[in-house]
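Numbered from 1 within each chain, the chains take letters A, B, ... in sequence-line order. Just so it is clear, the structure is predicted and the values come from calculations on it, not from any experiment.
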2 protein chains.
Amino acid sequence: MSGASNARVVHGQPSHDPRATALRALAMDAVQKATCGHPGAPMGMAEMAVVLWCNHLRHNPGDPHWADRDRFVLSNGHASMLLYALLHLTGYDLPLEEIRNFRQLHSKTPGHPEHGLTPGVETTTGPLGQGLANAVGMALAEKLLAREFNRPGHAIIDHHTWVFHGDGCLMEGISQEAISLAGVWQLDKLVALYDDNGISIDGAVTGWFGDDTPARFRACGWRVIGPIDGHDLAALDAAIASARQPSGKPTLIVCRTTIGAGAPHRAGTAKAHGEALGADEVAATRAALGWNHPPFEIPAEIRAQWDARATGARRQGEWQTRFNAYRREFPELAAEFERRMAGHLLDDWPTLRAQVQQHFAQATENVASRKASQQVLAQLAPRLPEMLGGSADLTGSNLTDFPDAGPRHISYGVREFGMAAIMNGVALHGGWIPYGGTFLTFSDYSRNAIRMAALMKLRVIHVFTHDSIGLGEDGPTHQSVEHAASLRLIPNLEVWRPCDAAETALAWTSALDSVQRPSALLLSRQALPTQTRDAAQVQAIARGGYVLSAPAGARATILATGSEVGLAMQAQQLLAQQGIGVRVVSLPSSTRFDRQDAAYRAEVLGTLPRIGVEAGVTCWWGQYGCVAALGVDSFGESAPAPALFEHFGLTAAKLAARVREVLDA
Amino acid sequence: MSGASNARVVHGQPSHDPRATALRALAMDAVQKATCGHPGAPMGMAEMAVVLWCNHLRHNPGDPHWADRDRFVLSNGHASMLLYALLHLTGYDLPLEEIRNFRQLHSKTPGHPEHGLTPGVETTTGPLGQGLANAVGMALAEKLLAREFNRPGHAIIDHHTWVFHGDGCLMEGISQEAISLAGVWQLDKLVALYDDNGISIDGAVTGWFGDDTPARFRACGWRVIGPIDGHDLAALDAAIASARQPSGKPTLIVCRTTIGAGAPHRAGTAKAHGEALGADEVAATRAALGWNHPPFEIPAEIRAQWDARATGARRQGEWQTRFNAYRREFPELAAEFERRMAGHLLDDWPTLRAQVQQHFAQATENVASRKASQQVLAQLAPRLPEMLGGSADLTGSNLTDFPDAGPRHISYGVREFGMAAIMNGVALHGGWIPYGGTFLTFSDYSRNAIRMAALMKLRVIHVFTHDSIGLGEDGPTHQSVEHAASLRLIPNLEVWRPCDAAETALAWTSALDSVQRPSALLLSRQALPTQTRDAAQVQAIARGGYVLSAPAGARATILATGSEVGLAMQAQQLLAQQGIGVRVVSLPSSTRFDRQDAAYRAEVLGTLPRIGVEAGVTCWWGQYGCVAALGVDSFGESAPAPALFEHFGLTAAKLAARVREVLDA
């Protein structure tokens with residue numbers, strides 16, 4: 001319970017290895033120039049980085065996309081300057097100017113590492129714990145690809161995943177989800193190096209972090225090496241070499257370090273964590289480390305020690321030779337491997353896509369959209385071998401499995417956040433299109449990983465079933481009210497809430513086509529009526545919103561999504577009997593619809609008074625100019641679904657009445 | 001990676017203790033009548049429940065609010081029928097009719113237990129893992145209250161917190177956050193009973209849950225008892241008796257059980273988890289257990305064995321006698337204890353509140369709202385001893401601490417979700433008003449616990465600082481874009497985004513007054529200009545939205561929140577120079593504003609064209625009829641805050657230009 005402390009924790013002294021000192025200098029100088037940032041972790045992990053990157057990491061700065069490179073994840077992303085220094089010094093396309101521009105607008109050196117922006121950054125980190133889970137996903141992807149593509153004598157996919165993390169990552173619960181799965185999956189080419197410096201932002205961690213971390217990892221099926229002195233190059237080298245020896249288990253190396261190592265007064269203190277050292281301490285550090293070079297100046301002989309371009313090119317060349325041999329023996333497999341790693345869908349994908357869309361456009365059976373989703377998967381997944389499904393222990397409810405899925409459907413256990421972050425890692429690795437299911441409400445648990453997928457522009461597909469009060473008896477803890485509206489707020493996340501099988505099929509094919517964007521499919525537990533569409537309407541589903549029905553002389557427009565589209569059509573009938581015509585617009589994906597041109601949007605929304613209906617918060621409809629909306633603005637209740645729709649006033653009669661009120665007003 | 005399995009896991013055979021059989025019968029019959037629900041866990045935990053509730057739990061069914069009762073948390077909330085059966089049989093006000101109405105609308109027996117609805121339900125559970133964290137919060141509240149109020153010879157607060165949980169809770173990452181803190185806090189009156197049945201929804205857990213759970217808990221500073229046979233009454237009794245012996249550590253009892261124990265064909269299978277047994281299996285279970293009574297009929301002699309009313313009343317009576325003795329010796333402490341447990345603020349709270357509001361209404365210094373918050377705390381917290389602050393390892397950034405906080409400011413470590421769920425437990429226990437801080441973006445991590453607080457109507461206060469791109473250099477992973485809008489969607493959550501010290505003070509006093517509602521305070525990292533208000537405007541802050549400035553002849557209204565109110569006022573000046581008058585409305589709490597009467601809302605919003613401005617998603621403004629809005633609809637960037645506001649077009653000049661565009665359109 002103890003509050004923040006100012007205690008000092010010194011676990012060891014920095015080496016004077018010039019490569020390590022160069023890292024420390026670049027980190028402290030860049031932070032000092034930016035006047036903000038995190039010098040402590042880079043300075044503490046300098047020797048860990050030297051030994052891993054100079055002696056063990058198999059990478060090629062000249063080709064950050066080499067398929068069989070080792071993956072390196074900096075889970076404690078605030079140590080970004082360590083990674084930037086490593087990328088710069090080993091020869092990635094990250095010139096010194098970018099280091100000087102640390103944390104400035106449009107630089108390639110933002111406050112936390114961003115995948116896609118900076119060559120060699122394998123994942124975006126900062127939100128703690130997720131990098132570790134990303135790494136588990138990468139190691140999983142590697143293991144599954146190796147199983148699928150390697151052949152005796154041809155280990156074309158055979159690399160390690162390395163992750164640096166601090167105690168912050170280990171305090172976050174997601175770390176447990178990740179390490180538990182890594183253990184049970186026996187990801188023996190995953191190696192985590194724990195920067196055990198005993199300090200977090202509030203001070204010495206003893207008051208809030210008392211875990212016996214080695215014992216915890218062993219309990220989850222990991223091999224643990226150390227604790228070792230994290231500043232001792234020889235000890236680090238021996239530990240990493242051991243970790244590369246297969247044990248059938250993932251490996252944790254506990255590296256006891258001093259945060260801010262090298263800074264005479266700040267080392268071992270929380271102040272070293274998140275602020276610039278200040279000019280005096282920078283000078284004192286230079287003196288203590290015997291580093292007499294001006295900021296951002298690295299002597300050529302030290303640069304030469306770091307330069308990994310030649311070695312990297314040679315290693316990749318050796319691999320390419322082996323891959324060419326593989327290609328000669330297994331030309332189809334090799335082509336398939338290259339296709340998969342490039343993230344390209346099959347050549348005949350347009351045909352398959354059209355077939356599937358056509359098939360479900362003609363479906364007539366009234367099924368739940370989660371069931372329709374399973375039917376779509378049954379057609380797609382067997383023919384798209386890159387689809388890697390899964391569920392957070394709700395396979396039979398999410399209906400994410402497909403015939404003969406085998407290892408292509410993963411039981412993640414009850415770990416929504418871990419699943420989402422692992423899927424991000426799988427997508428980052430390449431070779432797979434991951435999708436995974438849980439109840440929509442539990443998207444709350446995984447929310448930040450969904451956000452990270454959107455930020456990283458990853459093709460990850462979330463199957464969120466039981467998407468409203470239609471879930472029924474499980475009650476308000478399980479019933480989504482705000483979740484659809486809330487997910488739609490995340491930039492670059494495509495959200496689909498289909499109303500029947502035709503829209504569900506389009507949502508799936510669209511998600512697979514969305515190379516730069518994660519998708520969330522919000523699916524009903526309950527059966528939904530099938531809507532009738534002409535060919536143009538079937539085409540229009542892909543625009544995210546379209547006119548489903550527009551009788552002549554209509555006086556109002558009902559906008560509806562998902563399970564409430566059927567309700568809207570019923571209300572239309574009721575009103576027709578009363579001589580009132582209304583248009584019905586289906587909005588399966590408002591995020592997609594919002595990207596259509598203004599003319600199309602205006603045409604669909606029309607000029608008549610608009611009434612929105614969705615089994616969720618009604619304020620969401622304001623942005624579409626609705627003058628009234630039916631929905632659920634309180635928490636749900638536990639009862640059979642039909643009783644709930646009645647209780648919350650989500651009936652065709654109530655909707656028709658609301659339309660009449662609007663017209664009479 | 002293995003997929004769902006149909007393996008059977010049988011850890012033991014059910015006792016034929018009639019009390020246990022009665023629980024099993026009620027559970028299976030209620031589920032059968034509802035045609036849905038979860039029979040497996042109640043049937044598997046029947047003996048655990050018998051021994052804890054009949055031999056150890058100190059409670060009084062006649063007074064579910066007795067301050068010093070033991071707390072019981074069913075973290076695996078899907079086992080709700082177990083809890084309802086226990087409450088009914090021991091004599092709580094939960095008649096048989098409610099058991100018959102399991103999972104029906106307006107019953108007191110919803111699908112998952114709901115606090116506030118059903119007497120004796122200490123917390124709402126269902127979203128897995130959170131119950132365990134709630135229990136940690138309850139035990140923390142107990143420990144801190146005992147430290148504050150107990151006196152030698154007078155242990156007026158001295159009770160246990162018991163929690164049942166399954167493997168699902170342990171797979172969720174939040175369990176790690178909770179057990180880690182329970183360990184380091186040495187919560188030795190917390191006892192968790194693990195229903196170790198080896199089955200989760202997808203089947204036998206071996207493919208996705210391989211943790212050595214006892215070792216994991218020991219690594220976190222827990223005492224572990226067992227594994228024991230969870231159907232062996234004597235073994236359970238001995239284990240629980242041991243757990244009550246102080247060890248300085250929280251205790252885990254590993255109870256090896258069979259899911260659905262008693263059902264001849266379903267026991268040990270995943271099918272027992274989440275569906276009714278079916279008429280045949282119910283009959284077979286009756287035969288196997290020798291239970292010949294019709295559904296919902298419990299023989300009087302078994303009822304008598306369960307009835308805890310007399311014992312409970314006696315125990316509470318004994319406590320009351322001891323409390324009366326305490327009151328005689330420490331009358332002021334006793335009165336204070338009663339006030340605290342009742343959740344009433346001090347008698348002179350209205351005076352203090354007025355003073356604080358007045359003080360900050362006159363503040364002139366331009367400070368960040370997080371700094372203003374700290375200044376408010378410095379005035380409030382020392383005088384409100386029930387305030388229990390904390391931060392998820394960002395104390396110096398969230399500025400949640402206050403002078404001489406001592407044990408009243410908790411370092412939760414980097415555990416946002418755990419912190420939020422623990423705060424819920426603290427609030428549920430009573431005696432404290434918990435508040436805790438993190439960056440707004442990491443509300444993603446804790447989101448479902450915030451939702452649970454809103455569902456349970458708990459007075460819990462979230463301090464979310466660094467609330468926009470104004471966070472600056474840490475970049476998009478840390479910058480909130482969708483979070484303000486997203487939090488406002490959670491029913492019953494009050495969201496404040498104050499623009500200066502006066503609004504910040506009101507937000508705090510309002511949060512303290514909100515007995516039935518959690519609050520989220522969204523605070524800036526950067527300094528904000530102080531606004532000028534007359535007395536009526538100061539008063540109007542409490543309405544959540546008010547006219548901050550309304551020049552004569554205004555032609556448009558700018559609606560703004562938080563850090564953008566200053567921007568709106570600047571734009572107003574620019575436009576005034578061009579002869580264009582605009583009103584400025586400050587909306588510090590749209591959730592509060594939305595509850596004002598229609599006339600007030602209409603008056604504030606006015607009839608002029610409206611332009612909204614907030615450093616977040618612009619679609620949010622649709623519900624207020626804005627014809628234009630300035631904000632941020634993409635992820636942020638890493639750069640100094642002023643550069644970012646410029647980059648994203650959030651400047652007074654751009655806002656003024658937008659207003660002119662609207663007027664010229």
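For A/E637, the part lying near chain B is the side chain, with the backbone staying farther off; criterion is any non-hydrogen pair under 4.5 Å. Using a 4.5 Å cut-off between heavy atoms, A/A454 contacts chain B through both its backbone and its side chain. If you measure heavy-atom distances from A/V481 to chain B, the contacts under 4.5 Å come from both the backbone and the side chain. Looking at A/F209, the atoms closer than 4.5 Å to chain B (heavy atoms on both sides) sit in the backbone and in the side chain alike. Heavy-atom distances place the backbone of B/D633, and not its side chain, under 4.5 Å from chain A. With a 4.5 Å cut-off on non-hydrogen atoms, A/H78 does not touch chain B at all. Proximity to chain B involves both the backbone and the side chain of A/D474, based on heavy atoms less than 4.5 angstrom apart. In this structure, the portions of A/F635 lying under 4.5 Å from any heavy atom of chain B include both its backbone and its side chain. For A/T124, the part lying under 4.5 angstrom from a heavy atom of chain B is the side chain only. Using a 4.5 Å cut-off between heavy atoms, A/C619 contacts chain B through both its backbone and its side chain. With a 4.5 angstrom heavy-atom cutoff, A/L644 touches chain B only via side-chain atoms. Proximity to chain A (any heavy atom under 4.5 Å) is restricted, for B/Q479, to the backbone atoms N, CA, C and O. Interface residue B/C36: only side-chain heavy atoms are found under 4.5 Å from chain A. Only the side chain of A/L181 comes within contact range of chain B, judged by heavy atoms closer than 4.5 Å.
At a threshold of 4.0 Å, the pair A/E114-A/K108 does not count as salt-bridged, since none of the basic side-chain nitrogens sits closer than that to a carboxylate oxygen.
Aromatic rings from B/F417 and A/Y445 are positioned such that their centres are separated by under 6.0 Å.
Taking both residues in full, the closest heavy atoms of A/T125 and A/G131 are given as CG2-CA, 3.9 Å, listed atom of the first, atom of the second, then distance.
Ring planes of A/H112 and B/H478: parallel class, angle under 30° (limits at 30 and 60°).
The candidate with the highest count of non-hydrogen atom pairs below 4.5 Å against chain B, out of A/G77, A/G221, A/S486, A/G390, is A/S486. Per-residue counts of heavy-atom pairs under 4.5 Å with chain A were compared for B/C626, B/G418, B/A643, B/S180; the largest is that of B/S180.
When side chains are defined from C-beta on, B/E177 does not count as touching B/V414, because their heavy atoms never get closer than 4.5 Å. Counting heavy atoms from C-beta outward, A/M456 and A/N492 have side chains that stay 4.5 Å or more apart.
Judged by distance alone, the side chain of B/S175 and the main-chain N or O of B/L170 form a donor-acceptor pair under 3.5 Å.
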